Amino acid sequence: MNQVKMHGVSVSLLLGLAVASAAAGAGRVTLLRTPDHGIQPQAAVDNQGVVHLIYFKGEASGGDIFYVRKRPGEQVFSQPIQVNTRPRTAIAVGTIRGAQLALGRNGRVHVAWNGPAPDQGGYMAAPMLYTRLNDAGTAFEPERDVITSARGLDGGGSVAADNQGNVFVMWHAPRPGNTNGEAGRAVFIARSQDDGKTFAPEKLALEKPTGACGCCGMKAFADSQGNVFALYRAASDMMNRDETLLISHNQGVNFQIAYVHPWKIGSCPMSSAFLSETKSGVLAAAETHGRVFFVRVDPATGKVSTPVSPERKGKYPVAVANARGEVLLVWVEGMAWAKGGAVAWQIYGADGEPISEVGRAEGVPAWSFAAAYAQPAGDFVLVY
């Protein structure tokens with residue numbers, strides 16, 4: 001184990017440099033580098049306190065996804081397991097087309113990602129790939145393309161899973177017969193009721209036309225109450241690219257619009273979205289006007305809080321809460337096409353007011369972003 005001295009204190013380098021930032025009344029934030037010099041980390045914690053993490057390795061145009069986990073009391077993550085059984089079938093280019101992670105019944109790991117477009121057919125033939133961890137938890141099953149008819153995958157797809165055995169793979173693509181460009185795109189959902197063993201053919205998530213910003217990512221999520229969410233950027237015409245939250249109260253059968261955050265912009269910002277659960281509802285984080293923000297959503301009442309933003313330029317937000325209701329908002333700054341940047345973060349109280357200064361650390365690689373999760377004691381871990 002390597003050691004480094006910081007102001008006379010010995011600090012262990014486990015998976016990478018760990019840094020702590022503390023503020024009065026706020027949980028501590030510990031920074032970790034992504035295992036094995038990977039990029040695009042995504043993390044989730046199951047009901048047993050096990051931390052699950054996926055990340056990307058390889059060429060940005062065609063690489064591999066890896067999975068690690070860390071049980072309570074363990075100091076390091078497990079040895080990595082490759083997620084994709086066919087090598088170099090994951091994409092990091094554009095940042096928002098990479099793998100997404102969901103935890104389902106009994107903590108089963110589900111992963112979905114944009115597959116590469118074939119030489120013949122281009123993006124209109126690109127697959128939406130899905131796999132799950134096997135029953136033994138030792139390997140991933142061969143990935144499957146869940147698209148049966150709604151071709152035209154461009155921006156990132158997503159996956160969600162609940163504790164009843166339902167799994168939802170979602171993506172946006174042109175409606176059948178579309179002649180209206182991005183305004184004719186829509187969100188589709190393929191649903192499994194047997195823990196991802198089989199999927200029904202995809203259906204429109206919402207009949208109302210909203211369009212979808214072609215190169216923007218999206219996030220699907222299922223909370224512990226069985227509600228299913230989808231957060232994506234609509235595109236009703238060239239200028240209206242509103243971040244839009246859908247919610248389903250019947251396990252993905254029907255959706256309705258729960259929230260819209262407007263943005264008039266004449267080009268695709270290649271933005272991402274994030275959803276997570278708190279004790280009092282769901283956090284939805286996204287980017288608008290070049291800044292990141294989050295809102296609190298009460299699925300029972302439909303009430304959505306006033307957006308909270310650090311009021312500085314940023315992309316690729318992540319928002320997670322601890323047991324005290326404090327929210328860690330994480331984003332990246334200074335990123336551009338094929339260019340890295342810095343990770344930044346701030347902690348907010350249950351009232352939405354900041355209770356820490358903005359923290360910042362250089363070293364986010366090109367095409368990457370950060371992940372975060374809360375620990376039982378209320379501290380936060382940020383992986384970048």
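These numbers come from a predicted model, not from an experiment.
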With rounding to the nearest 0.5 angstrom, report the [atom1] to [atom2] distance, [X] to [Y].
X    : Y    : atom1 : atom2 : result
I257 : T244 : CD1   : OG1   : 6.0 Å
E353 : I347 : CD    : CD1   : 14.5 Å
F199 : T148 : CZ    : OG1   : 12.0 Å
I96  : S271 : CD1   : OG    : 8.0 Å
Q225 : E277 : CD    : CD    : 6.5 Å
R233 : H261 : CZ    : NE2   : 9.5 Å

Ignoring hydrogens, what is the shortest heavy-atom contact between [X] and [Y]? Give both atom names and the distance.
X    : Y    : value
S276 : A319 : OG-O, 2.6 Å
P41  : L53  : CB-CD1, 4.1 Å
C215 : C268 : CB-SG, 3.3 Å
T278 : A321 : CG2-CB, 3.4 Å

F274 and F221: CA distance, side-chain angles, deciding distance, ring-ring contact (aromatic ring centres under 6.0 Å, His included) verdict: CA-CA 9 Å; F274 190 84; F221 184 73; 8.2 Å; no

ring-ring contact (aromatic ring centres under 6.0 Å, His included) between Y373 and F380, worked out: CA-CA 6 Å; Y373 59 91; F380 294 100; 9.4 Å; no

Worked check of side chain to side chain contact (heavy atoms under 4.5 Å, CB included) between R296 and V304: CA-CA 6 Å; R296 297 176 185 266; V304 178; over 6 Å; no

Using modelled atom types only, decide if a donor and an acceptor are shared between the side chain of [X] and the backbone of [Y] within a distance under 3.5 Å.
X    : Y    : answer
R191 : Q251 : yes
S78  : R69  : yes
T131 : E141 : yes
Q42  : Q100 : no
D145 : M128 : yes
D162 : N166 : yes
Q82  : N84  : yes
S248 : V228 : no
R97  : G155 : no
R151 : I147 : yes

Plane angle bin for Y348 and F294 - parallel if under 30°, tilted between 30 and 60°, otherwise perpendicular: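 Taking Y348 first and then F294, their aromatic rings stand perpendicular (interplane angle over 60°).
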
Full working for side chain to side chain contact (heavy atoms under 4.5 Å, CB included) between Y67 and H52: CA-CA 7 Å; Y67 162 78; H52 304 264; 2.7 Å; yes

F188 ring center within less than 6.0 Å of H172 ring center: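 Aromatic pair excluded; centres sit 6.0 Å or further apart.
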
Check against ring-ring contact (aromatic ring centres under 6.0 Å, His included), W337 and W367: CA-CA 8 Å; W337 187 262; W367 311 123; 4.7 Å; yes

Is a salt bridge present between [X] and [Y], judged by a nitrogen-to-oxygen distance below 4.0 Å?
X    : Y    : value
K264 : D242 : no
R105 : D195 : yes
R185 : D154 : no
D36  : K57  : yes
D64  : R86  : no
E333 : R360 : yes

Any non-hydrogen side-chain atom of [X] less than 4.5 Å from a side-chain atom of [Y]?
X    : Y    : result
L328 : W345 : yes
E287 : W263 : yes
Y55  : P80  : yes
V343 : V330 : yes
P116 : T89  : yes
I39  : T34  : no
P72  : V50  : yes
T95  : S272 : no

Derivation and outcome, salt bridge (charged side-chain N to carboxylate O under 4.0 Å, His left out), residues D46 and R71: CA-CA 10 Å; D46 67 24; R71 295 181 173 87; over 6 Å; no

Geometric cation-pi criterion, R33 with Y384: 6.0 Å, 45°: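 That pair qualifies as a cation-pi contact.
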
Side-chain heavy atoms under 4.5 angstrom apart, residues restricted to Ile, Leu, Val, Met, Phe, Trp, Tyr: same cluster for [X] and [Y]?
X    : Y    : answer
V381 : V68  : yes
L153 : V93  : no
L231 : F229 : yes

Worked check of side chain to side chain contact (heavy atoms under 4.5 Å, CB included) between L329 and F293: CA-CA 8 Å; L329 178 64; F293 71 92; over 6 Å; no

Steps toward side chain to side chain contact (heavy atoms under 4.5 Å, CB included) verdict (L245, K219): CA-CA 10 Å; L245 178 66; K219 182 67 174 178; over 6 Å; no

Q375/D379 under side chain to side chain donor-acceptor pair (under 3.5 Å): CA gap, chis, key distance, verdict: CA-CA 5 Å; Q375 300 193 96; D379 296 345; 4.6 Å; no

